[in-house]
Each structure stands twice: as C-alpha cells, then as structure tokens.
Amino acid sequence: MALTVHKYGGTSMGSPERIRNVAKRVAKWARAGHQMVVVPSAMSGETNRLLGLAKELSPERTTAQLLRELDMIAATGEQVSSGLLAIALQAEGIDAVSYAGWQVKIATDSSYTKARIESIDDARVRADLAAGRVVVITGFQGVDADGHITTLGRGGSDTSAVAVAAALKADECLIYTDVDGVYTTDPRIVAEARRLKTISFEEMLEMASLGSKVLQIRSVEFAGKYRVPLRVLSSFTPWDIDIDEEARSGTLITFEEDVKMEQAVVSGIAFNRDEAKISLLGVNDKPGIAFMILGPVAEANIDVDVIIQNVSHDGRTDFSFTVHRNDYARTMDLLKTKVVPVTGAREIVGDAKICKVSIVGIGMRSHVGVASRMFSVLSEEGINIQMITTSEIKTSVVIDEKYMELAVRALHKAFDLELSAA
Ligand code: ASP
Ligand code: MG
C-alpha cells in the first residue's frame, strides 16, 4: 500500500464545485488502496484578500508584532479550505479528518511570514492513516515553540506538502496545480514552450530560484534534502481519469541525472522581472569595501542577487548589485544614508526597470560555449547585457526589462527547446 501526499493549489480549491472535484479525485486514490494525506492551499485569492484586510488597518511601520498578526490572519485561509475538503470527502463516503498545522504539529521557527519548518510530528497522522482515514493538513502554516501561529511565505503550501511527505516517508508527493507540469519556459511568453516529462532536481532548484513560479523554492530544497519523489501535474484533468495514466502525467523531478542518455544542453529558460539594479560609482578600492556596502544591506534583511565589482582606476572602482524590486527604495535610502558617506562613492545610480533572464541545464556541465552562444543570440537581437552571472548549470544575464520577452523567445528557439524537450 503506497503512502501518497497530494497538494492542491488555490485555483484547484477555488470553489465548492472544484473542492468537490478534488474530493472525488482523492477518493479515487483512496479506493485504489493508497494511504492519502492531502495538503490544500487557501481558496484562490483568499490569502490576498486576508492580507488586504490587514493592510487597511496596519500602521506604516512593519514590526514583529504586526508580522505575527499577519500570520494569524493569513493562516485562516488554509484552515477553511482544509475543513471544506474534509467535509467534501465525507460526502463522498470517505472517512476524513482535517488538522491545522499546530494540531499535527508542524513546528517552525518564529520568523513570521517566512517561517522555516523545523520538525513534523507524524504520530497523529500515522494513527489516522492506520485507522483508514484520509488526513487533510493545512498548507502554508505551522506553529513556533511558543505556540504562535506562523506561515511559510507565499506559495508555502508546496513546502508544507513536501515536508509532510518527507516526515511520513511517503512514496510520492503529487503537486496538483493549474498547469500540467514544468515547462521549458512560461507558455504565456513562448507559445512553443514544451512540458518536460522529467527535470533533474538541481535544474528545478535553479528554475525555481530564477523565477519559475511553478514550485516554491523551499519545497524543492526540501525535496532534495530528503529525496522526496515529487511530481507536478494538472488538477484540471477529469477527476475520473485512469489512475495509472494520472500517476504518469505531469513532470517528475528526478534525482538520477543520467536517466536521459541524451540530455539537452539547456533544459529551460527562466526569467524574473522583479529585480532592480544599484551601482555605487567611484568607491575607494580597498579591502573591506564589499562588506562596507553589503554589510548594512544584509543587516536590513535585504537579499542581494547578482554582484559585480569592476576593475579599479586610480584606486577607485564601481560596484553594482541587484535586489528585489520591492526592496529597491529601501536599499537606496540605506545606501545614501549609511554607505555613501563611508565609502567615498562619487555617485549612486539605480535602475528598477531591469530583469534577469537565465538558461538552465545540467548539460552545461559537459558542454563548452553554451554561455557564449547565449551572448551571441542576445547580441543578434541587439540586446545589451548589463550583468552576467554563471554557475555550473546556469547562466544569467541582467538586461533592460523591455527586452525580456524578446530575449526569452530568442533563447528558447536558439537552444532548440521546442524540439528537444520531449
Ligand atoms: N495560500 C498561500 C499563498 O497564497 C500559500 C499557498 O498558496 O501556497 O501564498
Ligand atoms: Mg503555488
């Protein structure tokens, strides 16, 4: 008997009718002999609605107290959808029970709005499964050591599901969503984008961190750490589709890199519009300068992405980096007040209209010239590259936002993704 975890996203849980369909699908799996744990998201739009209400009443300043209450509020969305799903399962004649994170319990640290799961107690869930029950567990939420409700960050139900699957040593974790798998790139930008039947865990990790929104990045990290077999598939197939066919659909995240004899060099193109670039011009080029600039930024809990320091002239150099666009204004302020005075920077300039486009593929390890091919494609399109960063299995460039779609389309074509991704 296989232990299977299903995760359903907000769209899949979007209405009573859709919840009924989820219940019918889960019931089908349970009747086929699977032990089932289901982790739903809040109904679509609900988390935004709840946070919107909170915003109307919030003071300007973000304090730890405010963040605590945001979690208190946002966590209710998943509690509602979990209870509804349990009722819908019962209506299908399935014995089902729902639990909030604290009831399981899913223990997290206390970083409200972006808490990390520390441990999951599986005793209660196991007892229910042994008694033949389907267990529904709220996604997105947990509880800290002092009993405060926490949430795992937007999109965090993916992580809840994978963590639950890891804790229970589930045979597979199926992430049901409104797309039918992981694509070579976003099909809304490139009509010829293809669904990948498999993608290696490392590629998925890069894709998620580089802006592909299919899975929350922490869920992929979790899957890698605990080797949770993970599949992304559509919740919009008819619920009564043949179960074996369903179990083979979507995209499987694999851990064996050699499964594909002929690995495509590039597996996918990721992009991210949410970035902003900041340059400090003419800073003193001396030991400690990077720390002087980025230390205060890190202290303010702002994530820095691409970093470039130029060659120096006459003891001075230019230092550029990117941050999330939401952090742009705050970072500029911080630099002007705290950093410019001590680094001797001549000028600080910023640009919030940039984006990052990346090519990803484990095949890049064994092929040379992939990055330069990327640069030549971009130059043929007349796109200026502002920054470059590479790792073993990806190359990213920062370019003007207005060329993003053009760049993605040109790269998708140049790397034969329409053909090779089968
Ligand atoms: N409901 C939460 C959100 O909208 C968590 C999730 O859907 O995964 O971010
Ligand atoms: Mg999601």
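Position 1 is the first residue of the sequence; numbering continues from there. Read the numbers this way: they start at 1 and go in the same order the structure lists the ligands and their atoms.
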Student: Among T390, L210, I393, T395, which residue meets the side-chain contact (heavy atoms from CB on, under 4.5 Å) test with I359?
Tutor: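 Single pass found, and it is T395.
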Student: Parallel under 30°, tilted from 30 to 60°, perpendicular over 60°: which one fits the rings of Y8 and Y176?
Tutor: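 Judged by the thresholds at 30° and 60°, the geometry between Y8 and Y176 is parallel.
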Student: Return the protein residues near ligand 1 (heavy atom under 4.0 Å from any of its atoms), ordered by chain and residue number.
Tutor: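 Within the 4.0 Å shell of ligand 1, which is judged on heavy atoms, sit S41, A42, T47, E78, F140, R154, G155, G156, S157.
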Student: As a test of understanding, state which of R218, Q216, K7 forms a side-chain hydrogen bond (donor to acceptor under 3.5 Å, both in side chains) with D158.
Tutor: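 The side-chain hydrogen bond (donor to acceptor under 3.5 Å, both in side chains) with D158 is passed solely by K7 among R218, Q216, K7.
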Student: Can you sort out the partners of D305 under salt bridge (charged side-chain N to carboxylate O under 4.0 Å, His left out), two or more places apart, ordered by chain and number?
Tutor: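 With sequence neighbours excluded, D305 shows a salt bridge (charged side-chain N to carboxylate O under 4.0 Å, His left out) to K356, given in chain and number order.
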Student: Donor-acceptor pair, distance only, cut-off 3.5 Å: does the side chain of R20 make one with the backbone of L89?
Tutor: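 Pair absent, no side-chain N/O of R20 close to backbone of L89.
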Student: Just by distance, no angles: are the side chains of T151 and Q141 close enough, under 3.5 Å, to form a donor-acceptor pair?
Tutor: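 There is no such pair (donor and acceptor under 3.5 Å, judged by atom type) between the side chains of T151 and Q141.
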